[in-house]
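Some notes on the structure that comes next.
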Amino acid sequence: MGNKEEKNKTILNFINRFTSNGTRKEVIDCFQNGCCYWFAYILLKRFEDFYLPQSKIYYDEIANHFGYYDQEANCVYDITGDVTNKYNWELSWEEVINKDLLHAKRIVRDCINF
């Protein structure tokens with residue numbers, strides 16, 4: 001098994017522990033509907049790798065949803081697992097901030113710090 005598959009399995013195992021293999025619906029609902037940024041942040045800090053600083057939080061502007069992109073696994077994750085192909089992950093959160101700071105401040109106000 002290569003590094004990509006190992007890292008993917010490690011992250012999915014962590015998410016499964018966090019949700020008791022998907023049975024903790026209240027946890028999934030919380031981080032799927034309103035606190036998705038914070039779960040992406042948990043994953044970022046948990047799997048932080050100072051040698052691969054390209055791993056970061058991404059934002060889908062249409063779905064208003066955050067996910068954690070892991071460079072080594074080359075996948076995006078949220079509380080439900082691998083969501084690489086489920087959302088439009090064109091921009092990292094950092095790029096959203098740089099593109100339109102006023103819009104980013106509204107997202108922080110209405111979604112992250114609600």
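What's counted below: heavy atoms across the whole structure, side chains too, no hydrogens, waters or symmetry copies.
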Taking [X] for the side chain and [Y] for the main chain, is one N or O donor matched with an acceptor at less than 3.5 Å?
X: Trp93; Y: Phe66; result: no
X: Ser55; Y: Gln71; result: yes
X: Asp60; Y: Asn88; result: yes
X: Asp29; Y: Lys25; result: no

Rounded at 0.5 Å granularity, tell me how far [atom1] in [X] sits from [atom2] in [Y].
X: Glu6; Y: Glu72; atom1: CD; atom2: CD; answer: 8.5 Å
X: Phe39; Y: Gln32; atom1: CZ; atom2: CD; answer: 10.5 Å
X: Arg17; Y: Leu12; atom1: CZ; atom2: CG; answer: 11.0 Å

Only one of Val83, Asn85, Asp82 passes side-chain contact (heavy atoms from CB on, under 4.5 Å) with Cys75, and that residue is Asp82
Ring geometry between Phe18 and Phe31 (parallel below 30°, tilted from 30 to 60°, perpendicular above 60°) | perpendicular
Identified ring pair (Phe, Tyr, Trp, His ring centres under 6.0 Å) partner of His65 from the options Tyr58, Tyr87, Tyr59 = Tyr87
So, Glu48 and Arg46, do they make that salt bridge, N to O below 4.0 Å?
-> no
Please assess Asn21 against Thr23 for the test side chain to side chain donor-acceptor pair (under 3.5 Å), listing each intermediate value before the final yes or no.
-> CA-CA 6 Å; Asn21 292 316; Thr23 62; over 6 Å; no
Ile28 to Gly22 - nearest heavy-atom pair and separation | CD1-O, 3.6 Å
Considering all heavy atoms of both residues, which atom of Cys111 and which atom of Asn64 are nearest to each other, and what is their separation?
-> SG-ND2, 3.2 Å
Same cluster for [X] and [Y] if Ile/Leu/Val/Met/Phe/Trp/Tyr side chains link at under 4.5 Å?
X: Leu44; Y: Ile15; result: yes
X: Tyr41; Y: Leu91; result: yes
X: Trp89; Y: Ile62; result: no
X: Ile11; Y: Ile79; result: yes

Kindly check if the number of other-residue, nucleotide or ligand heavy atoms within 6.0 Å of CD (Glu95) is above 12?
-> yes
